[in-house]
**Q** 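Could you have a look at this structure, given as C-alpha cells, before my questions?
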Protein chains: 2
Amino acid sequence: MPGKQAVAAEETANAGRIRRGQLLHIVESAERAFAEAGFAGTTMTRLAEAAGLPKANLHYYFGTKEKLYRAVLENILTLWLDDMAPIVPERAPAEALGAYIRAKMGHSRARPHASKVFASEILHGAPHLRGFLTHELRRRVTEKTRVIEHWIARGRMAKVDPVHLFFAIWAMTQTYADFDVQMRAVLGCTALGAAEYEAGEETVLRLVLHGCGLETEDTNEGEQCPCRS
Amino acid sequence: MPGKQAVAAEETANAGRIRRGQLLHIVESAERAFAEAGFAGTTMTRLAEAAGLPKANLHYYFGTKEKLYRAVLENILTLWLDDMAPIVPERAPAEALGAYIRAKMGHSRARPHASKVFASEILHGAPHLRGFLTHELRRRVTEKTRVIEHWIARGRMAKVDPVHLFFAIWAMTQTYADFDVQMRAVLGCTALGAAEYEAGEETVLRLVLHGCGLETEDTNEGEQCPCRS
DNA sequence: AGAGAAATTGACTGCTTGGTCAACTTCTTT
DNA sequence: AAAGAAGTTGACCAAGCAGTCAATTTCTCT
C-alpha cells in the first residue's frame with residue numbers, strides 16, 4: 001500500500017511536469033513582451049520569439065492570444081492585493097503605511113513588467129479586468145479604507161480621504177515602473193538604480209507620512225510632527 | 001497697395017481654410033480614439049469612423065497612421081510644458097506648487113484623452129517621444145528644479161529631492177485621467193465628477209504641501225506647519 | 001462663368017495577423 | 001518493449017490591416 005501510494009504520488013507529481021514548466025515559462029516571457037507593446041501591439045510571433053518556441057506551441061498551451069494575456073494578468077493580480085496586507089488596525093499608521101509603500105516600491109523595482117501590463121490594461125479601459133476591479137479590488141479597498149478611518153477617528157493620523165490616499169500611493173509607487181523611460185530621460189541615466197529607487201521611496205514616504213500628519217522614520221530628530229490639521 | 005495687401009491677407013486666410021479645419025477635426029477625434037486603444041490597437045478604419053470621414057481622406061491629409069499619431073502627440077506636448085509656468089522663484093513655494101498642481105489636475109479633467117495618449121506612449125517605451133523627453137522636458141525640469149533648490153536653500157520649504165517631487169506630482173495628478181476606470185470601479189460610480197476631482201485635488205495638495213513643509217491653504221487655522229526636517 | 005487647384009471617395013492591393021492542422025517526436029506507464 | 005498520451009512543429013489559411021489610386025466633386029480665384 002505505501003508503495004502504491006508513493007507511486008501514485010510520483011505519478012501526479014510527474015503528470016503535467018512538462019506542462020507546468022512550459023506554462024510558467026511562456027507566461028513569464030509573455031509578461032515582458034506584453035509590457036513592451038501592450039496587448040494589441042504584441043504579435044503571437046513576437047510572443048513565440050520571446051519564449052524561444054514556435055508559435056503553434058503557444059497555441060497548443062493557451063489556445064488564443066487573449067487567453068495567454070489573461071493568464072499573464074491573473075498571475076499579476078495576486079501581487080497587487082497581497083501588498084495591502086500590512087494595513088491592519090493593530091499596527092501604528094506610520095509603520096503600516098510605510099510598510100505598504102515599501103512593498104509597492106519593491107514590486108515596481110522587482111516586477112516592472114507586471115506593473116506595465118497592468119497599467120496598459122487599465123489605461124485602455126480594462127476590458128479584461130472589470131470583474132477584478134469592481135469586486136476583489138473594490139472589496140479590499142473598502143476594507144482597508146475602514147482601517148484608515150479607524151486611525152483617523154482615534155486621532156492617530158490626520159483627516160485624509162482614505163480612498164484618494166490609496167490612489168495617490170498607487171500612482172506614486174507604480175510610476176517608478178510604468179514611466180521609467182521618462183524618468184531615465186529626465187535624470188539622464190540609462191537605468192534606474194538603487195540610488196534612484198531609494199530617493200523615490202524616501203520622497204513618497206515623506207509626502208504620504210507628512211500628508212497624514214505622521215513623522216517620517218528617517219527624520220525623527222525629536223518629537224512627532226504636529227501637522228494634524 | 002493696401003487693397004492688394006488686404007486681398008492677399010484674405011487669400012492666405014482663405015487658402016487652406018478647409019484644410020486647417022479638417023486637420024484639427026481629425027487630430028481631435030484621433031486623440032480620443034488613440035486614448036482608447038493606443039497606437040497599435042487603433043486601426044485606420046476606427047480613426048476614420050471617429051472622424052466621420054472615409055479612410056482615404058485621412059490618408060490624404062496625414063499620409064500615414066504614424067504621421068497622424070505624431071500630430072496628435074505634438075498637439076499634447078505643449079500643454080505638458082506650459083503647466084510648469086507658475087513655478088518661478090519670485091512666488092511663494094506653496095502658492096507656486098499649488099497653482100501647478102491645480103493646473104495639472106485641471107488638464108487631467110479637461111483633457112483626459114491627451115493624458116492617456118501620452119501615458120500609453122511612455123508606457124511602451126516612448127518610441128515617438130525620445131527627443132522630447134531627453135531635450136525639451138529634461139531642460140524644463142532642470143530649470144524648475146533649480147527654482148525648488150533655491151527655495152530650499154532659502155529655507156522656504158523642506159529639503160525634498162526636487163526631481164522626485166516632480167515625479168510624484170505628475171503621477172498623482174495624471175492618475176486621475178489615466179486610471180479613471182480603476183477609480184470609478186473602486187468608488188462605484190459611472191463617472192468622475194466635480195466631487196471626486198475636488199477630493200483628489202485636496203489630497204494631492206495636502207500630500208505635496210505638507211511633504212514640503214508648507215501649510216495648506218484650506219487648513220490655515222493659525223500658524224505655519226513646522227515640519228521642516 | 002470657367003479653369004485649375006484642392007478635396008473627396010469607392011475600389012483595390014500586398015502583406016501581416018491570429019489561428020488551424022496533420023504529421024511527427026518524445027515522454028509515461030504498464 | 002510496446003502502446004497510448006502528451007508535446008512539438010512547419011506549412012497553411014481566411015480575415016483584417018495600412019496604404020494606393022484614379023475618377024469625381026467641390027472650392028477658389030480671376
Side-chain angles (χ1 to χ4, degrees), chain A residues 1 3-27 29-30 33-34 36-73 127-128, chain B residues 3-27 29-30 33-34 36-73 124 127-128:
Chain A
M1 274 312 174
K4 204 165 189 178
Q5 264 187 330
V7 170
E10 202 180 300
E11 265 176 50
T12 33
N14 225 0
R17 180 178 52 86
I18 293 174
R19 184 171 192 83
R20 264 195 307 271
Q22 293 288 60
L23 286 172
L24 189 70
H25 168 67
I26 294 168
V27 165
S29 56
F34 279 129
E36 280 167 16
F39 176 74
T42 310
T43 65
M44 284 301 291
T45 305
R46 176 76 195 84
L47 289 164
E49 277 171 15
L53 293 168
K55 197 161 66 84
N57 198 232
L58 271 63
H59 280 290
Y60 170 72
Y61 281 111
F62 290 93
T64 68
K65 179 183 166 185
E66 183 149 358
K67 283 179 188 164
L68 170 52
Y69 180 68
R70 294 189 103 101
V72 171
L73 274 180
H128 307 90
Chain B
K4 203 164 188 178
Q5 266 189 331
V7 169
E10 201 181 298
E11 264 176 51
T12 33
N14 223 2
R17 180 178 52 85
I18 293 173
R19 186 171 190 83
R20 264 195 306 272
Q22 293 287 60
L23 286 171
L24 190 70
H25 168 67
I26 294 168
V27 165
S29 56
F34 279 128
E36 280 167 15
F39 176 74
T42 310
T43 66
M44 283 303 290
T45 305
R46 178 72 196 85
L47 289 164
E49 276 171 15
L53 293 168
K55 195 161 67 82
N57 199 230
L58 271 63
H59 276 107
Y60 170 72
Y61 281 111
F62 290 94
T64 67
K65 178 183 166 185
E66 183 148 356
K67 283 179 187 166
L68 170 53
Y69 180 68
R70 296 189 103 100
V72 171
L73 274 180
H124 300 132
H128 306 90

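So that the names make sense, note that chain A is the first sequence line, chain B the second, and so on, each numbered from 1.
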**Q** Does Arg19(B) place a side-chain N or O at less than 4.0 Å from the phosphate oxygens OP1/OP2 of dA7(C)?
**A** yes
**Q** Could you tell me if the side chain of Leu23(A) sits less than 4.5 Å from the side chain of Arg19(A), heavy atoms only?
**A** yes
**Q** Please state how far atom CZ in Arg20(A) lies from atom P in dT28(C), giving the value in whole angstrom units.
**A** 11 Å
**Q** Between Gln22(A) and dT8(D), does any side-chain N or O lie under 4.0 Å from OP1 or OP2?
**A** yes
**Q** Looking only at side-chain N and O atoms, does Arg17(B) come under 4.0 Å of OP1 or OP2 in dT28(D)?
**A** yes
**Q** In whole angstrom, what separates Leu47(A)'s CG from dG19(C)'s C1'?
**A** 13 Å
**Q** Distance-only check: which donor-acceptor pairs under 3.5 Å involve side-chain atoms of residues 50-72 of chain A, not counting sequence neighbours?
**A**
from	atom 1	to	atom 2	distance (Å)
His59(A)	ND1	Gly63(A)	O	2.8
Thr64(A)	OG1	Lys67(A)	N	3.1
Lys65(A)	NZ	Phe39(A)	O	2.9
Lys65(A)	NZ	Thr42(A)	O	2.8
Glu66(A)	OE2	Arg70(A)	NH1	3.4
Glu66(A)	OE2	His128(A)	NE2	3.1
Tyr69(A)	OH	Glu121(A)	OE1	2.7

**Q** Can you figure out which of dG18(C), dC17(D), dG7(D) approaches the side chain of Thr43(A) most closely?
**A** dG18(C)
**Q** Counting C-beta onward and ignoring hydrogens, is there a side-chain heavy-atom pair between Leu47(B) and Phe34(B) closer than 4.5 Å?
**A** yes
**Q** Between OG of Ser29(B) and CD of Glu49(B), what distance do you get to the nearest 0.5 Å?
**A** 11.5 Å
**Q** Which residues in residues 53-65 of chain B have at least one heavy atom lying under 4.0 Å from any atom of DNA chain C?
**A** Pro54(B), Ala56(B), Asn57(B), Tyr60(B), Tyr61(B)
**Q** What is the distance from CG of Leu68(B) to C1' of dG19(D), rounded to the nearest Å?
**A** 13 Å
**Q** Which listed nucleotide (dG18(C), dC27(D), dA18(D)) is nearest to the side chain of Met44(B)?
**A** dA18(D)
**Q** Please state how far atom CZ in Phe34(B) lies from atom C1' in dA18(D), giving the value in whole angstrom units.
**A** 12 Å
**Q** Round to a whole Å and report the spacing from CD1 of Ile18(A) to C1' of dT29(C).
**A** 14 Å
